[in-house]
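Here the structure is a predicted model, which is why all the values come from computation and not from measurement. Protein chains get the first letters and strands the later ones, always in sequence-line order, with residue 1 at the start of each.
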There are 2 protein chains.
Amino acid sequence: MIINNDKEENTEHNKQTAILHAAEEEFMEKGFDGAKTTAIAAKAGVTHAMLHYYYRTKANLFEQVFNEKISLMAQSFVSAFVEEDMPLCQKIQKMIENQFDFLNQNRDLPRFVVNELISKPERRELIIHKVKSMAKQILTRLQSEIDKHVEEGSFLPIRAIDLMVDIASINVFPFIALPIVMTIADSFYTTEDEFLMAKRTENVKVILNRILVNKS
Amino acid sequence: MIINNDKEENTEHNKQTAILHAAEEEFMEKGFDGAKTTAIAAKAGVTHAMLHYYYRTKANLFEQVFNEKISLMAQSFVSAFVEEDMPLCQKIQKMIENQFDFLNQNRDLPRFVVNELISKPERRELIIHKVKSMAKQILTRLQSEIDKHVEEGSFLPIRAIDLMVDIASINVFPFIALPIVMTIADSFYTTEDEFLMAKRTENVKVILNRILVNKS
DNA sequence: ACCTTTGATAACAAAATTGTTAAACATAAA
DNA sequence: TTTATGTTTAACAATTTTGTTATCAAAGGT
């Protein structure tokens with residue numbers, strides 16, 4: 001009856017999910033403090049009373065977004081650990097690539113999570129509870145596999161935790177610092193994707209050279 | 001005449017610098033949006049009218065802090081590039097260590113800068129102007145030195161920009177993610193400092209293994 | 001002593017932001 | 001048709017946050 005003058009086409013069927021999606025965008029971009037419920041409502045194309053009707057408080061709405069993001073983050077690190085029965089060296093390569101590809105599809109996830117985790121330390125319980133035990137299992141398993149290869153003489157000695165941090169570092173940092181890096185790297189790489197795809201193979205090289213006795 | 005009932009002892013001589021230091025703390029911890037001028041004034045032990053008297057606006061005060069931090073950041077990356085005449089391999093080692101040590105004394109600097117740079121893209125001009133030309137000079141110089149060593153057969157081929165990003169990654173990430181990493185790493189390392197000092201030598205190892213043909 | 005400048009305070013004003021409420025509206029079941 | 005239920009809106013209220021102003025006090029120069 002009334003003309004549809006929404007700014008954005010309605011891929012969202014109901015307002016509740018529209019609000020959630022708008023909140024996701026806004027919180028990811030600006031963080032909890034930077035995001036405003038009025039802006040979220042506007043982006044979702046609803047009055048801001050509707051936002052409070054469905055989610056009551058800003059903190060509530062944020063929590064829903066944050067919980068989902070933190071699960072995603074945790075899952076990516078855990079699922080990156082490949083189960084298949086292949087040589088450790090290839091397993092590690094696959095781990096790096098899996099994690100990188102995940103981050104490539106969720107480019108601002110690490111910055112968002114790290115940030116909210118640091119500015120509001122009480123939220124850390126959440127990720128600790130979600131990741132800690134699983135991560136430790138994976139680390140001890142990885143460590144014993146590494147140690148076997150060290151005794152064989154095919155691997156250089158390294159602590160599993162150090163290896164994991166190295167991998168996370170070279171994988172995560174390029175996405176966090178992408179805009180800054182690109183302004184400097186623009187004479188080497190013309191597009192973000194070109195830079196990132198080069199980084200993907202570079203990262204494998206860095207880690208394998210760190211752990212393998214014989215270089216390829 | 002009036003008793004001194006300030007919470008903190010007056011190492012600050014005047015109120016203006018007290019405000020600036022309080023602002024620095026608050027902004028670094030909570031970012032622009034999370035920081036409140038009232039909280040800054042309280043932390044500095046002055047009425048919040050004084051804050052406006054000296055700095056007029058929150059944005060103004062922030063700018064002073066941000067400018068200083070961004071200069072510090074830029075400087076650290078530039079000055080890390082060692083001038084002395086020593087073998088390239090040692091020069092790179094020193095670069096890594098210099099940058100790591102700087103970050104160790106400014107642990108939340110990268111997160112702060114990256115964050116403000118991303119949530120308010122208009123600020124990027126600042127760092128671009130400050131770093132870009134200098135960084136490019138350094139990169140071309142480094143690239144030619146690398147290429148020489150590659151021809152000699154002592155270095156593996158690598159782009160200077162990739163090397164720099166690798167170094168920044170493994171140096172910066174541990175500080176950004178420190179609280180999260182420590183909850184997982186606590187069975188390997190008991191203190192933050194223990195972890196970080198191990199990381200310092202680990203990082204040198206990672207990079208040298210990446211670029212040297214013959215491993216140590 | 002008088003005037004000007006600077007530092008300081010309290011009280012106020014304005015804006016932004018979050019949250020609430022009462023009433024209108026729609027829809028489907030009774 | 002009536003009732004009950006969930007949805008929507010507009011208007012309002014409360015709080016927080018930023019910024020201003022009128023005023024006062026001290027210090028220094030003339």
Side-chain angles (χ1 to χ4, degrees), chain A residues 1-8 10-66 116 119-120 122-123, chain B residues 1-8 10-66 116 119-120 122-123:
Chain A
M1 195 144 291
I2 291 167
I3 55 161
N4 183 341
N5 58 357
D6 291 356
K7 287 155 213 162
E8 48 193 352
N10 251 17
T11 51
E12 328 277 358
H13 24 298
N14 63 51
K15 302 197 175 187
Q16 189 167 358
T17 61
I19 292 169
L20 190 62
H21 287 154
E24 194 179 306
E25 266 186 52
E26 200 73 358
F27 282 132
M28 289 285 277
E29 194 183 328
K30 308 189 180 171
F32 180 82
D33 296 310
K36 307 289 136 155
T37 55
T38 48
I40 292 171
K43 183 176 279 186
V46 304
T47 64
H48 88 280
M50 283 314 294
L51 185 148
H52 289 291
Y53 173 68
Y54 282 116
Y55 297 97
R56 232 168 45 72
T57 65
K58 178 184 180 183
N60 230 284
L61 182 53
F62 178 83
E63 206 186 326
Q64 302 225 12
V65 173
F66 190 63
E116 296 299 333
S119 66
K120 310 274 158 64
E122 63 274 16
R123 294 199 188 114
Chain B
M1 196 146 291
I2 291 165
I3 54 160
N4 183 341
N5 58 356
D6 291 356
K7 286 157 213 160
E8 48 193 352
N10 252 17
T11 51
E12 329 277 358
H13 23 296
N14 62 53
K15 300 195 175 186
Q16 188 167 359
T17 61
I19 292 168
L20 190 62
H21 287 152
E24 193 180 309
E25 266 187 53
E26 201 74 358
F27 282 132
M28 290 284 278
E29 193 182 329
K30 308 188 181 171
F32 179 82
D33 296 310
K36 307 290 137 154
T37 54
T38 48
I40 291 171
K43 184 177 280 188
V46 304
T47 64
H48 89 280
M50 280 317 292
L51 185 147
H52 290 290
Y53 173 67
Y54 282 117
Y55 297 96
R56 233 170 42 75
T57 66
K58 179 185 180 183
N60 231 285
L61 181 54
F62 178 83
E63 207 186 323
Q64 302 228 10
V65 173
F66 190 64
E116 297 299 333
S119 67
K120 311 274 157 62
E122 63 275 15
R123 294 198 188 116

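Counting any heavy atom pair closer than 4.0 Å across all strands shown, B:Ala59 reaches no nucleic acid atom. At a threshold of 4.0 angstrom between heavy atoms, the contacts of B:Ala39 with the nucleic acid are absent. Nucleic acid contact class of B:Tyr55 (heavy atoms, under 4.0 Å, all strands): none. Residue-level contact check: B:Thr38 touches the bases, meaning some heavy atom is under 4.0 Å from a base atom.
Checking the phosphate oxygens (OP1, OP2) of D:dT17, no side-chain nitrogen or oxygen of B:Thr37 falls inside 4.0 Å. Checking the phosphate oxygens (OP1, OP2) of D:dT15, no side-chain nitrogen or oxygen of B:Lys36 falls inside 4.0 Å.
Per the geometry, OH belonging to A:Tyr54 stands 11 Å off P belonging to D:dG6, to the nearest Å. Between the P atom of D:dT7 and the CE atom of A:Met50 lies a distance of 7 Å, rounded to the nearest Å. Atoms CG (B:Asp33) and C1' (D:dT16) sit 14 Å apart, rounded to a whole Å. Spacing between atom OH of A:Tyr53 and atom P of D:dA11 amounts to 21 Å, rounded to whole angstrom units.
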Residue pair A:Met50, A:Thr47: steps toward the side chain to side chain contact (heavy atoms under 4.5 Å, CB included) verdict: CA-CA 6 Å; A:Met50 283 314 294; A:Thr47 64; 3.6 Å; yes

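Chain B approaches DNA chain C over the interval C:dT6 to C:dA10, counting the first and last nucleotide 5' to 3' with an atom under 4.0 Å from its heavy atoms.
Side-chain atoms of B:Ala49 lie closest to D:dT20 of the nucleotides D:dT20, D:dA10, D:dT18.
Annotation: side chain of B:Tyr55 is in contact with side chain of B:Leu20 (closest heavy-atom distance under 4.5 Å). Contact annotation: the side chain of A:Arg123 approaches that of A:Phe62 to within less than 4.5 Å [non-hydrogen atoms, C-beta and beyond].
Classified by interplanar angle (parallel below 30°, tilted 30° to 60°, perpendicular above 60°), the ring pair B:His52/B:His48 is perpendicular. Ring geometry for B:Phe27 versus B:Phe32: interplanar angle under 30°, hence parallel rather than tilted (30 to 60°).
Ranked by how close their nearest DNA chain C nucleotide is to the 5' end, B:His48 and B:Gln16 are led by B:Gln16.
When all heavy atoms of A:Glu26 and A:Ala35 are compared, the closest pair comes out as CG-CB, 3.7 Å. Between B:Asp33 and A:Gly34, the shortest heavy-atom distance links the atoms OD2-CA, 3.3 Å.
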